[in-house]
Amino acid sequence: MLKTVVAWTFYPGMLLVGLRVTALGIQEGLSPALVVASTIFVSALVIAVVQRWMPFEDEWQAKPQTYWLDMLHMASTGVTTEGYRAATVGLFTAGAVYLQGALGGSLWPNEQPMVLQLALALLIGDLGAYWVHRTCHTSPLFWRVHAMHHSSEQLYAFASARNHPMNAILAYGSQLLPLTLLGANLEVIALLSVFTGINGLLQHANIDLKHGIFNWVFATADLHRWHHSKDFDESNTNFGSNIIVWDIVFGTRALPEGHPEAVGISGLHMPENFLHHLASPFVLNRYTAEALPVHEDGKLRLEG
């Protein structure tokens, strides 16, 4: 009975609690960066516990080596995105101020309720993230940066952190830049960051959850597992980061029955080593069955 309740409520519950804690922390005058980082960290601990308690697939339980490797990636990704934020927010905020002056006001609806602002941020932010992500799967150049994220053959929460720093910059920037230019306030950016962090953990989590109608709105684990399938046609779907709306609009949403037979990349044999992962965009051809990915009809294929 308890597992059934958790299966239906854990996904929306984690997101709602994370957003509420973040909003309260900012209203109390705490540092937004500290609130965001702390909320995601505590959420990760809770998700890790539930993942051990009610796994979706026993074979996807991470081995110790894999676990610690992805912890290193989590630290690397965190440093990268925070450094990127520090280096670019000022520049693009200046751009936003210029646009506001030229247009006589902010383009962002700051007077609207925060829930509507967050919904708009998710919609706009994910449009950029969708096309950057999709391009990473259709361009051999961008695939080199993105491939490492798909290298894990155990799909579990911390596999979400397996990102090359350049991929993290692409993913984070595609969400942040349009919102910053439009003049979105700091609370909106913080709430979006928490939503992205928690949803990223949940959509990769090896937890037997029931998402129901949320599969038509958000990028849930039910959908994202197919994106990590070793089968090319199955993986060339569900590019949404937080929401699945743009996949519906552009015809890339897919939710077959069951789950993928295997996750990872067919023909890719990347060493489970942090330094090899960092070098992967530059030496990816060493790890593939063929010299390079084959680009056919606007799609990327690894044959092996």
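Enclosure of atom CD in Glu111 by more than 12 non-hydrogen atoms of other residues, nucleotides or ligands within 6.0 angstrom is indicated. With a 6.0 Å radius and a threshold of 12 heavy atoms from other residues, nucleotides or ligands, Ile213 has its CD1 atom at or below the threshold. Atom CZ of Phe250 is surrounded by more than 12 heavy atoms from other residues, nucleotides or ligands within 6.0 Å. Within a 6.0 Å sphere centred on CD of Gln27, heavy atoms belonging to other residues, nucleotides or ligands number more than 12.
Taking the side chain as every heavy atom from C-beta outward, Ile47 and Phe10 approach each other to under 4.5 Å. Looking at heavy atoms from C-beta onward, His150 lies in side-chain contact with His137 at the 4.5 angstrom threshold. Considering only heavy atoms from C-beta on, Ser235 stays 4.5 Å or farther from Trp226 through its side chain. Between Lys230 and Pro260, every side-chain heavy-atom pair lies at or beyond the 4.5 Å cut-off. Side-chain contact between Ile248 and Trp216 is present, with heavy atoms from C-beta onward closer than 4.5 Å. Taking 4.5 Å as the limit, some side-chain heavy atom of Leu2 sits within range of a side-chain heavy atom of Val6. Thr252 places a side-chain heavy atom less than 4.5 Å from the side chain of Tyr130. In this structure, the side chains of Ile26 and Leu30 stay at 4.5 Å or more apart for every pair of heavy atoms.
In this structure, CE on Met14 lies 10.5 Å from CG on Leu209, to the nearest 0.5 angstrom. For the atom pair CH2 (Trp8) and CZ (Phe214), the distance works out to 10.0 Å, reported to the nearest 0.5 Å. Note that the NE2 atom of His146 and the CG atom of Asn163 stand 7.5 Å from one another [nearest 0.5 Å]. With values rounded to the nearest 0.5 angstrom, Asn185 atom CG is found 5.0 Å from Asn110 atom CG. Going from atom CG of Asn236 over to atom CG of Asp231 covers 10.5 Å, rounded to the nearest 0.5 Å. One distance of note links NE2 of His149 with NE2 of His133; it measures 6.5 Å at 0.5 Å rounding.
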Let me see the working for Phe158 and His204 under ring-ring contact (aromatic ring centres under 6.0 Å, His included), right down to the final yes or no. CA-CA 7 Å; Phe158 298 130; His204 293 86; over 10 Å; no
Derivation and outcome, side chain to side chain donor-acceptor pair (under 3.5 Å), residues Thr196 and Tyr172: CA-CA 9 Å; Thr196 300; Tyr172 184 75; over 6 Å; no
Could you check Leu45 against Val49 for side chain to side chain contact (heavy atoms under 4.5 Å, CB included), going step by step and ending with a plain yes or no? CA-CA 6 Å; Leu45 294 179; Val49 171; 5.8 Å; no
For Met166 and Val145: C-alpha separation, side-chain torsions, deciding distance, then whether side chain to side chain contact (heavy atoms under 4.5 Å, CB included) applies. CA-CA 6 Å; Met166 290 189 292; Val145 174; 3.7 Å; yes
If you apply the rule side chain to side chain contact (heavy atoms under 4.5 Å, CB included), what do you find for Leu179 with Trp108, and how did you get there? CA-CA 8 Å; Leu179 297 175; Trp108 190 258; 3.8 Å; yes
Starting from the C-alpha separation in whole Å, work towards a yes-or-no answer on side chain to side chain contact (heavy atoms under 4.5 Å, CB included) for Leu284 and Trp143. CA-CA 9 Å; Leu284 188 64; Trp143 172 250; 3.8 Å; yes
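When the side chains of ILVMFWY residues are joined at heavy-atom separations under 4.5 Å, either directly or via intervening members, Leu24 and Phe195 end up in two distinct hydrophobic clusters. Leu16 and Leu191 are not part of a single hydrophobic cluster, where members link through side-chain heavy atoms under 4.5 Å apart. Hydrophobic cluster membership differs between Val263 and Leu255, with clusters built from Ile, Leu, Val, Met, Phe, Trp and Tyr side chains linked at under 4.5 angstrom. Following chains of ILVMFWY side-chain contacts shorter than 4.5 Å, one can reach Leu122 starting from Leu107, so the two form part of one hydrophobic cluster. Cluster annotation: Leu176 and Trp131 are assigned to the same hydrophobic cluster (Ile/Leu/Val/Met/Phe/Trp/Tyr, side-chain heavy-atom contacts under 4.5 Å, transitive).
The side chain to side chain contact (heavy atoms under 4.5 Å, CB included) search around Gln61 returns Arg52, Pro55, Asn206, not counting sequence neighbours. By the side-chain hydrogen bond (donor to acceptor under 3.5 Å, both in side chains) test, His276 pairs with Tyr287, sequence neighbours left out. Asp247 meets the salt bridge (charged side-chain N to carboxylate O under 4.0 Å, His left out) test with no other residue; sequence neighbours excluded. Residues satisfying the side-chain hydrogen bond (donor to acceptor under 3.5 Å, both in side chains) criterion with Glu57, sequence neighbours excluded, are absent altogether. Scanning for side-chain hydrogen bond (donor to acceptor under 3.5 Å, both in side chains) contacts around Ser152 gives an empty result, with sequence neighbours left out.
Shortest non-hydrogen contact noted between Tyr11 and His211 is CG-CD2, 3.7 Å. Here the closest heavy-atom approach between residue Leu186 and residue Pro32 is recorded as CD2-CG, 3.5 Å. When all heavy atoms are compared, the tightest approach of Asn215 to Ile244 is O-CG2, 3.7 Å. Minimum interatomic distance between Asp126 and Ile243 (heavy atoms only, all atoms of both residues): OD2-N, 3.0 Å. Scanning both residues, Gln117 and Val188, for their nearest heavy atoms gives OE1-CG2, 3.3 Å. Nearest heavy atom pair, residue Arg225 against residue Ala205, reads NH2-O, 3.7 Å.
In this structure, Val17 shares a hydrophobic cluster with Val21, the cluster being traced through Ile, Leu, Val, Met, Phe, Trp and Tyr side chains under 4.5 angstrom apart.
In this structure, Phe239 has its ring center at least 6.0 angstrom away from the ring center of Trp246. Taking the six-membered ring where the residue is Trp, the centroids of Phe56 and Tyr156 are separated by 6.0 Å or more. Here the two rings, on His277 and His164, have centers that are 6.0 Å apart or farther.
Counting only distance, with no hydrogens or angles, the side chain of Ser160 and the backbone of Ala157 share a donor-acceptor pair below 3.5 Å. Ser139 places no side-chain N or O within donor-acceptor distance of the main-chain N or O of Thr135, the cut-off being under 3.5 Å. The closest donor-acceptor contact from the side chain of Asn199 to the backbone of Thr220 lies at 3.5 Å or more, if one exists at all. A donor-acceptor contact shorter than 3.5 Å is absent between the side chain of His224 and the backbone of Gln203.
A salt bridge links Arg162 with Glu272: at least one charged nitrogen is closer than 4.0 Å to a carboxylate oxygen.
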